[in-house]
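Predicted model, so just to flag it, every value in this text is computed and none were measured. Here is the naming used below: chain letters follow the sequence lines, and residue numbers restart at 1 for every chain.
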Protein chains: 2
Amino acid sequence: MSVLFSRPCEYALQAVLYLAQKREGEMTSAKELTSKLDIPYHFISKILQDLTYKKLLYSQTGPTGGFALAKSPKKILFLDIVEAIDGKDYKTNCVMGFSECGGEKVCAVHDKWKLIKENIHNMLVSKNIFEMAKEMNR
Amino acid sequence: MSVLFSRPCEYALQAVLYLAQKREGEMTSAKELTSKLDIPYHFISKILQDLTYKKLLYSQTGPTGGFALAKSPKKILFLDIVEAIDGKDYKTNCVMGFSECGGEKVCAVHDKWKLIKENIHNMLVSKNIFEMAKEMNR
DNA sequence: TTAATTTCAGAGTAAAATATCCGAAACTAT
DNA sequence: ATAGTTTCGGATATTTTACTCTGAAATTAA
Ligand code: SF4
Ligand code: SF4
């Protein structure tokens, strides 16, 4: 089911992109996110709380409350979300499951794997989520 | 810990590469593989049995028995192993966890993700495991 | 000030992935 | 034949990941 990123991370990306489509400062409840994105309520709640704790989101309790991006979507990258949830393991992991993909013990796919990792990194930093959200609206 | 491929698949790749370093037809026991590759004995046994069932390996019981590649390592690709164990989900999966990465609902990272998937495929088919094993020996 | 609505914190459960156990069958060498 | 060594098949156990429950605290509006 999931490639590259954990479930919570995938959900976080979806949620953050959704929030980025709202006008700046508008609060969105976990309830809305769960119905629009089809993610289990308690699960997405936890993830949002986590992102809040990590200062990527801002939250507020009460009837008019919910979650919103903690800063301008122009200043948030996919990489920020991924690292907040999954850490940066994906950079060092070996495709074949050997200990670490450092420099020395070079295998036959090392170069290609390295290139792929660079591409992944590039995918995560090339656009901010403001641009992404704009493209999705169409 | 694991990127792209499942644990069993990672282990399978390691094991097959190890077998490819042996001279053609030589049998290798699960016991040897478990100690050389540091993979749980019962677990690697299961995986090898699975690969045997799927005709990628040949096996034999008894003292001189063990496992060997079912065909020449020049005719085996990483892709063969990956598809045997993990199937071909990695081709259709979405980075963000949406249902499927088809053509229509195009997101902001679609093009980059597509390119990455092509690179992954390329990594899996560009060399046969005979060449890989040769490169590893050095 | 009360009731409704929301996030928050922490524990608990369910499911999936990973790993193990066991007894049998196949084979080899003595 | 017999003992030793191996794979095989299927059940079981453990660990990790995914998901849920519950009760409390914060906020809002009537
Ligand atoms: S060089 Fe190859 S085997 Fe070594 S860690 Fe990187 S991907 Fe794995
Ligand atoms: S286009 Fe983007 S959102 Fe759609 S399936 Fe592919 S990666 Fe996922």
Side-chain angles (χ1 to χ4, degrees), chain A residues 1-15 19 22 25-70 85-87 89-90 93 97, chain B residues 1-15 19 25-70 85-87 89-90 93 96-97:
Chain A
M1 184 108 244
S2 75
V3 247
L4 288 190
F5 310 130
S6 70
R7 273 294 174 81
C9 186
E10 291 179 343
Y11 290 163
L13 291 174
Q14 294 182 25
L19 292 178
K22 298 273 180 132
E26 185 180 347
M27 298 304 258
T28 306
S29 70
K31 200 172 157 193
E32 177 177 342
L33 284 162
T34 203
S35 69
K36 290 290 169 52
L37 297 176
D38 196 38
I39 298 172
Y41 176 69
H42 290 99
F43 201 25
I44 191 64
S45 295
K46 278 282 172 253
I47 296 165
L48 294 167
Q49 283 164 32
D50 190 20
L51 289 174
T52 303
Y53 175 78
K54 283 162 181 162
K55 308 287 187 193
L56 288 164
L57 300 183
Y58 163 76
S59 73
Q60 201 168 24
T61 60
T64 62
F67 298 88
L69 299 176
I85 307 282
D86 277 359
D89 288 356
Y90 79 94
N93 283 342
Chain B
M1 183 107 247
S2 77
V3 246
L4 286 191
F5 310 131
S6 70
R7 270 292 170 81
C9 188
E10 291 179 343
Y11 291 164
L13 292 174
Q14 294 183 24
L19 292 178
E26 185 180 349
M27 299 304 260
T28 306
S29 70
K31 201 170 155 193
E32 177 178 342
L33 284 161
T34 203
S35 69
K36 290 290 168 51
L37 297 175
D38 196 40
I39 298 172
Y41 176 69
H42 294 282
F43 201 25
I44 191 64
S45 295
K46 280 280 172 258
I47 296 165
L48 295 168
Q49 283 164 32
D50 190 21
L51 289 174
T52 303
Y53 175 77
K54 283 163 182 164
K55 309 287 186 192
L56 288 164
L57 299 183
Y58 162 77
S59 75
Q60 202 169 23
T61 60
T64 62
F67 299 88
L69 300 178
I85 306 282
D86 277 359
D89 289 357
Y90 79 93
N93 282 343
M96 289 192 248

Output the rounded distance in Å from [atom1] ([X]) to [atom2] ([N]).
X: A/F5; N: D/dA18; atom1: CZ; atom2: C1'; value: 18 Å
X: B/L48; N: D/dG9; atom1: CG; atom2: C1'; value: 15 Å
X: B/E32; N: D/dT7; atom1: CD; atom2: C1'; value: 15 Å
X: B/F67; N: D/dT6; atom1: CZ; atom2: C1'; value: 9 Å
X: A/I85; N: D/dT17; atom1: CD1; atom2: P; value: 14 Å
X: B/L19; N: D/dT7; atom1: CG; atom2: C1'; value: 14 Å
X: A/I47; N: D/dT17; atom1: CD1; atom2: C1'; value: 12 Å
X: B/D50; N: D/dT7; atom1: CG; atom2: C1'; value: 14 Å

Margin query: Test side-chain contact (heavy atoms from CB on, under 4.5 Å) on A/E32 and A/K22; report intermediate values, then the result.
Written below: CA-CA 12 Å; A/E32 177 177 342; A/K22 298 273 180 132; 2.7 Å; yes
Next item on the list: Note the angle between the end axes of the helix from C/dT1-D/dA30 to C/dT30-D/dA1, five pairs defining each, rounded to 10 degrees.
Entry: 0°
Note to self: I'd like to know whether NZ of A/K54 has more than 12 heavy-atom contacts from other residues, nucleotides or ligands below 6.0 angstrom.
What the structure shows: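 More than 12 heavy atoms, drawn from other residues, nucleotides or ligands, come within 6.0 Å of this atom.
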Note to self: Does A/D38, at its CG atom, have more than 12 non-hydrogen atoms belonging to other residues, nucleotides or ligands within less than 6.0 Å?
What the structure shows: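 Open.
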Note to self: Between A/Y58 and A/F67 (judged by ring centroids, cut-off 6.0 Å), do the two rings come close enough to count as a pair?
What the structure shows: no
Item checked: Closest-nucleotide ordering on DNA chain C, the 5'-leading residue of A/S59 and A/P63 -> A/P63
Notebook entry, point to check: DNA chain C: B/Q60 or A/T64, which has the more 5' nearest nucleotide?
Noted result: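 Mapping each residue to its closest nucleotide by heavy atoms, the 5'-most match is A/T64.
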Checklist line | Non-hydrogen side-chain atoms of A/S35 and A/Y41 separated by less than 4.5 Å | finding: no
Item checked: Side-chain heavy atoms of B/V3 within contact of A/D89, under 4.5 Å -> no
Any donor-acceptor pair under 3.5 Å from [X] side chain to [Y] backbone:
X: B/D86; Y: B/S6; result: yes
X: A/D50; Y: A/I85; result: no
X: A/Q14; Y: B/M96; result: yes

Show each protein N/O and nucleotides 14-20 of chain C N/O combination with a separation under 3.5 Å, one pair to a line.
{"unit_1": "C/dA19", "atom_1": "OP1", "unit_2": "B/R7", "atom_2": "NH1", "d": "3.3"}

